[in-house]
2 protein chains.
Amino acid sequence: MRGLGYHTEMNVRQKPERTRLSAEDWEDAALTLISEQGVGALAVEALARQLGVTKGSFYWHFRTREALLQAALERWEQYGEREIISQIEAIPDPRERLPELFRRVAHELQPHRVYAALLKALDHPLVVPVMARVSKRRTEFLHTAYKQAGMEGADALNRARLTYAAYVGFLQLNFTLGLPRLSHEEFDAYVEHMIATLIPA
Amino acid sequence: MRGLGYHTEMNVRQKPERTRLSAEDWEDAALTLISEQGVGALAVEALARQLGVTKGSFYWHFRTREALLQAALERWEQYGEREIISQIEAIPDPRERLPELFRRVAHELQPHRVYAALLKALDHPLVVPVMARVSKRRTEFLHTAYKQAGMEGADALNRARLTYAAYVGFLQLNFTLGLPRLSHEEFDAYVEHMIATLIPA
DNA sequence: TGGATTCCATACGCACGAGTATGGAGCGCT
DNA sequence: AGCGCTCCATACTCGTGCGTATGGAATCCA
């Protein structure tokens, strides 16, 4: 569990072994709370209870609640890139990158929980620019991937937009809306259908 | 403006000509407020100010704030279907229905404001079942449309899911995130690209 | 070991928004 | 005219959650 990936040290979130807390501990706890309960549930006293301390601790590390949100979002944004992108870029054949990307993203649902939670928190002014940057970068990544796969300029860009929109919409519909409880086989079939229709042969 | 479509009477939202209010007036005002400011901004005193009355009026028509939300959502759900669907079903050639649907949906952005606002309010327990029902119906409509266009059973269903996910994601990315400020020409090109890739030739 | 610094607890104040109580103005009906 | 019902205003209570003030414990360092 806890399988996100923030925090540099292991052995976090163990109830008895709590000594002193750092700002990063609060940010990590905030991110896990967001991924489980949404941004709206981010309250300082609730977080403090969960960490076994009181508000007094919090307001030593952060000036305000918004400051924590800001820091947590920044942390998430900086951490979240790098991994999958570099893995995909390591694939030699450009025409194999997109299908592989689709399949990997589809089978690692855990890292998308925060993104999905942030998606339904687009009311908040602080998350909008973060999501805008992240979505822009990912769409650009898809854009170059489609170009490397042999598509023309304008088509590659629109295909990238369409692909990312499908990703976002899928998260909303199946993750947070839990719409058509897909079985494992149905889900795989859906992914393969996506690959077949969105990726040029 | 105000161009949604609730309320049976015309002449609503005129400041001086206010006599007595009905429950429907509150529901309509709630929906317009939601489409402009989001569900989180739905406060009874704010609504009352906007309608030129006080809370005393509100709590005569509704037992609680949640009751208003519930009623407004119900109203929106019942009103919002019928129109476009029946228009599309009137098109004789089944293979022309999907492109026409895409183009019509793309050029009537106004009715999607509420849906987009509800999309970023999926935290709230009351909106989840409503959005689930609406999304389910629309996806099923797409499913039959794809079958009528000549696709096989499983492919038609997955294509319908993919299409609707792209729609939802587009709303999130461009509407609420305002991501790549598309010009009118770019937007049309994107829609045509969608038609070309998602609809079988 | 004593002092400075870091981290945390306790106890407040305060704003905001939902819900309640109660009385009053307007209209229909006889 | 008088009564009753509908709709609304005013003035509260109350819970919740942010932020503050201040003192105490733990840790580091000279």
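So you know, we letter chains A, B, ... as the sequences are listed, proteins then strands, and number each from 1.
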Item to complete: Assess B:Arg138 against B:Tyr115: is NZ or CZ under 6.0 Å from the centre of the six-membered ring, and within 45 degrees of the ring's axis?
Response: yes
Worksheet item: Which ones in residues 40-49 of chain A lie close to DNA chain D, meaning a heavy atom under 4.0 Å from one of its atoms?
Response: A:Leu42, A:Ala43, A:Val44, A:Glu45
Worksheet item: Heavy-atom contacts under 4.0 Å between residues 61-74 of chain A and DNA chain D, which residues?
Response: A:Thr64, A:Arg65
Worksheet entry | Whole angstrom value for the distance that separates P of D:dG17 from CD of A:Gln37 | 12 Å
Item to complete: Can you label the angle between the A:His61 ring and the A:Trp26 ring as parallel, tilted or perpendicular, going by 30° and 60°?
Response: tilted
Worksheet item: In whole Å, what is the span from the CH2 atom of B:Trp26 to the C1' atom of C:dA18?
Response: 14 Å
Item to complete: Round to a whole Å and report the spacing from OH of B:Tyr59 to P of C:dG17.
Response: 12 Å
Response to the item:
Sequence neighbours excluded, the answer for side chain to side chain contact (heavy atoms under 4.5 Å, CB included) partners of A:Ile199 is A:Leu98, A:Pro99, A:Phe102, A:Tyr146, A:Ile195
Worksheet entry | Whole-Å gap separating C1' (C:dG17) and CZ (B:Phe58) | 12 Å
Item to complete: State which residues pass side chain to side chain contact (heavy atoms under 4.5 Å, CB included) with B:Ser86; sequence neighbours excluded, sorted by chain then number.
Response: none
Practice prompt. Rounded off to whole Å, could you give me the CG-to-P distance for the A:Asp25 and C:dT6 pair?
Written response: 17 Å
Worksheet item: Just how far, in rounded Å, is P of C:dA21 from NZ of B:Lys55?
Response: 13 Å
Response to the item:
Axis-to-axis angle across the helix from C:dT1-D:dA30 to C:dT30-D:dA1, five pairs each end, nearest 10 degrees, ~ 0°
Worksheet item: Do you know which of A:Phe175, A:Tyr164, A:Tyr190 makes ring pair (Phe, Tyr, Trp, His ring centres under 6.0 Å) with A:Phe170?
Response: A:Tyr190
Enumerate all atom pairs, one protein N or O and one N or O from nucleotides 25-30 of chain D, separated by less than 3.5 Å.
{"residue": "D:dT27", "atom": "O4'", "partner": "A:Arg20", "partner atom": "NH1", "Å": "3.4"}

